[in-house]
There are 4 protein chains.
Amino acid sequence: MDGIASKGKREQTKIQNRALILNAARQVFADLGYGATTVRDIIRATPLASGTFYNYFKSKEEVYQAIRDEVALAIRPRLSDERRKATSVEEFIRCTFRTFFEYVAGDRMNFHTIRHAESTRLRTPEVIAGFEELREDIESAVAKNVFPPLDADFLMAAMVGVAFEVAEQMLKREPLDPEAAADFATGLFIGGVRAIPEAQPATKDSASDVDSHAA
Amino acid sequence: MDGIASKGKREQTKIQNRALILNAARQVFADLGYGATTVRDIIRATPLASGTFYNYFKSKEEVYQAIRDEVALAIRPRLSDERRKATSVEEFIRCTFRTFFEYVAGDRMNFHTIRHAESTRLRTPEVIAGFEELREDIESAVAKNVFPPLDADFLMAAMVGVAFEVAEQMLKREPLDPEAAADFATGLFIGGVRAIPEAQPATKDSASDVDSHAA
Amino acid sequence: MDGIASKGKREQTKIQNRALILNAARQVFADLGYGATTVRDIIRATPLASGTFYNYFKSKEEVYQAIRDEVALAIRPRLSDERRKATSVEEFIRCTFRTFFEYVAGDRMNFHTIRHAESTRLRTPEVIAGFEELREDIESAVAKNVFPPLDADFLMAAMVGVAFEVAEQMLKREPLDPEAAADFATGLFIGGVRAIPEAQPATKDSASDVDSHAA
Amino acid sequence: MDGIASKGKREQTKIQNRALILNAARQVFADLGYGATTVRDIIRATPLASGTFYNYFKSKEEVYQAIRDEVALAIRPRLSDERRKATSVEEFIRCTFRTFFEYVAGDRMNFHTIRHAESTRLRTPEVIAGFEELREDIESAVAKNVFPPLDADFLMAAMVGVAFEVAEQMLKREPLDPEAAADFATGLFIGGVRAIPEAQPATKDSASDVDSHAA
DNA sequence: CATGAATGAGACTTCATTCAT
DNA sequence: CATGAATGAAGTCTCATTCAT
C-alpha cells in the first residue's frame, strides 16, 4: 500500500531522527561531559524511543564520533584551503587561527561537546589527521624556507594548544571576538609576547602594527 | 624499645595500602582514561579486597582528586618560586616552561593520568588555582612593565595550552629532553616562530641565540 | 477474537508482571518480615529478571506502600460507608469491627504482610488517615450525643488495638469466624463505652457507677 | 562496700561496656527502627571499637533480645504479682493496665525501642510468655468464676492491643498521665466484659442479648 | 521502522565479622 | 580484652542492548 511517495516520507523521517539524536547528544555531552553521559540521557532528550537510537548509532561512542567528525570535516578543508593560499609565515599562522576561532565562535556547542570529552576520546584518527595536516603544512613551509627551520611536531602542538585554550577563553567573553583572539595568537607566534597587540576594539589596525613590529 | 621513626605495623600497612591504591589508580586511569575506569578496575589492579578501597577513598573521583592534588602540590610551589625570582620576561617564561617540562619528564605517569581525564575533571579548583597564579603573576609583571601590556587571560591560556601539548610531544621522544622543549616554548613566546631555536643537541647555545635575538 | 476490553499483549504483560511482583512481595514480606526482605528476595520469587523490578517499583519500600495502600483503599471506604449508616453506638462499633474482621478473613495475606512490617512502616500517611477517619467519626458521634463524652484519641487507639490483635487471634483458628470476633469486640466495647469515665481526676466513683450500670 | 565481693576493675569495665552498648542500642533502635539499624550504627554511638561489640553480643538481634527481655523481666513479675493479689474483675484489669502504663511512662525509651521493631521481632518466646501468663490468669479467673465465661485468647489479645495502642497515645501528651490511661482502659473493660457474649455458634442472639443488656 | 519493556551483566557500596596487633 | 582495618559476600541499582509487538 505504501507508494513511492511514502518512501520519500520515510527518508525524511530518517534524516530528521538522525538530526534529533545528534542535536540531543551535542546538548547532553556539553552538559554532562562525555563520560557521564549515557545513551539513555541522549534518548531522554529526544521524543524518540530507546530502541530507535540503535537504528542510527551503535553506541554513544559512535554518536560522539559522528559529532567529532562533523567538526573535523567542517573545519579541516577550510584550514587546508586557507593555509594553501598563504604566502608568508604570518599569513599561514593568521589564517589558521582566524579560521579556527571563527569556526568555534559560530559553533560553540560542538566545541563544548568536544572539549568535555576525555583527551583519549578527542585524539581519534579523524582528529589526529587534522593535526597531521597542520604538521605537514608546517614541514612543507619549512622545506620551502617560508618558515625557519624548526621542530614541526612542537610547533603543531603549540598551535593546537594555543588554539584550544584561547578559544575557551574567547567563549567566556561577550561579545565573541574571534578576530581579537586571532590577533593575539598571531602576534604571539609571529613575534612573541612583545609583539602581541594590546586588546582593543580596533583590532585590524593594531594587527598591522604587530606585523610591522614583528617583521 | 621502639625507635623514634618506627611505626606500628598497622600504620605501615595503611600507608602501604593507600600507595597500592594510588599506584593502581594511576596505571588504570592512564590505560583506560578516567571515564572508562571503574572502582573495580582499580581494585583488581591491587591485591586488596573490594571493601578496602572504601576505607581509603569514597569514590574513583576522590582517588583521582588525590592524584591531581599531589601533582598540583608538587608543581605549583616550584612554579611560583621560580617565577618570583624572575627579573625579565624571558626568565619568567623560561623558568615556567622548564619547571613544568622537567616535572612532567620526571612523573610521566601522573601527567598521563591527568591528561586522560575529561576536561571537566581536570579543571578543578586546585588546578584552576594553579592557572590563576600564573595569570596573576602575568598581571603583576604587566603592572611592573616587565611585560608589555597584554591580555593576561589569553597569555595564561596560551602558556597552558603550549605547556600541555608540547609536553605530550616531548614524551613521545627518547631520550626525554625537557630542556629542548623549554627552549622551544621559550623561543616561541619571546620572539615568535622566527626566534625558536633549531632542534639540536646543543640547546644552550641556540637558547642564548634566541636570547640575544629577543633582547 | 478481540473483544472491546482486549488490550495489546504489551499491556497484558505489564499488568501481569506488576501482579507477579506484588504477589511475590506479599509472600516474602509475610515470610521474612519487612526488614529482612530484600528486593532480590522478591525478584527471586518471580520468573522475572532483576532489572524488571525497577520498571515497576523504585524500591522495596514502594512495593510495600503499594500493598499497604491497596489495603487502605479496599477497606477505608467500606468502613466509612458502614459507619455513616450507623444510627447507634452499637451499630457504629459493630459494623466497624465486622467490616474489618471480614476484610482480614478474606485477605489474610495482605494482613500478614502489613503486620510483619515495623510499626514505623505501618504508620504511614495513608494508614494514619484511616485511623483519623475513625477518630473523627468518633468525635462527631460524641458531638451528636450518639456517644457519651469520651476521649476520642484513646477510643480510636483502643479500637485499633483490639481490631489488630483480635484479628491475629482469629486467623489462628479454623474455620475463620469473623462474625464471632466482631461479636466479641462489639460486646466488649458496648458494655464498656458507656461506663468509661469522663477524663477526670475522680475516676473511682464513676467507675463503680459503671459497674452497677453494666451489671 | 568493697568487700571480698567487690569486683576487679576488669569486671567493672565489662559491666560498663555492656551498658554502653545497650544504651546506645536503645537510642539507635528508637531513632532508626530495628530494621534500619546496623551494628555499626550502635558502635558509632559508643566510644568503643567495632570489634568490642562482639565480645558482648553476637549480633544486633542479640542486643535487641537483651533489651526486650530486660523489659519483659522488669514488667512480667510486677504484672503477675499485681494480678495475683486481685480479688475482683475490676482489680484484675485495673492493676494490669496501671502497672503497664506506669512502666511505659517510666521507660519510654525501651517502649519505643520495642515498638519500632517488626512484630515478628516483638513476638519472641520471652514476650509471648508474658502474653501467655495473662491468658492463663484470665483462664484461671474464669475457672474461679471471678470472670464470666469468655474467650481468654480474645480477651488477652484485646488487652494487649489496648495496652500498646493507648500507651502510644499516652506518650503523645504532656504531662504523662498513666493513671488516666489506666482509668480509660479499665472503664472500657469493666463496663464491657460482663456484656461479652459467650463464644458460641449462636452469636446473633447473644449479640442482641448484649444489645438489650447494654441499652 | 518505531516502540519501550525485559534482560542480566556488572558497577557501586555497605556491613557483619574476623584477626593481627 | 580492646582495637580498628581487611575482608568479601551480598544488596542496590543502572544501563546498553535486544526483540516482540
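Per chain, numbering begins at 1; letters A, B, ... match sequence-line order. What you are looking at is a predicted structure, and each value in this text was computed from that prediction instead of being measured.
Consecutive Watson-Crick or G-U pairing (both distances under 3.5 Å) extending over three or more pairs maps onto DNA chain F as E:2-21 with F:2-21.
Screening Ile21(C), Leu20(C), Ile15(C), Leu22(C) against Arg18(C) for a side chain to side chain contact (heavy atoms under 4.5 Å, CB included) leaves a single residue, Leu22(C).
Protein chain B contacts DNA chain E from dA11(E) to dT21(E), reading 5' to 3' and using non-hydrogen atoms of the protein with a distance under 4.0 Å.
Counting only N and O atoms by type, the side chains of Arg68(C) and Thr124(C) include a donor and acceptor under 3.5 Å apart. Counting only N and O atoms by type, the side chains of Asp31(C) and Gln27(C) include a donor and acceptor under 3.5 Å apart. A donor atom on one side chain and an acceptor atom on the other are not found under 3.5 Å apart for Ser59(D) and Glu61(D). A donor-acceptor pair shorter than 3.5 Å can be found between the side chains of Asp41(B) and Thr38(B).
Looking at residues 25-42 of chain D, you'll see that no heavy atom sits under 4.0 Å from any atom of DNA chain F.
Checking Thr52(B) against Phe53(C), the closest nucleotide of DNA chain F that is more toward the 5' end is the one next to Thr52(B). Where Thr13(C) and Lys14(A) each meet DNA chain E at their nearest nucleotide, the meeting point lying more 5' is that of Lys14(A).
Taking the six-membered ring for Trp and thresholds of 30 and 60 degrees, Phe29(D) and Tyr34(D) have nearly parallel ring planes, at less than 30 degrees apart.
The closest donor-acceptor contact from the side chain of Ser119(A) to the backbone of Arg115(B) lies under 3.5 Å.
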Criterion salt bridge (Lys or Arg N to Asp or Glu O under 4.0 Å) on Arg123(C) and Glu118(C), from CA distance to verdict: CA-CA 9 Å; Arg123(C) 304 299 165 101; Glu118(C) 289 182 33; over 6 Å; no

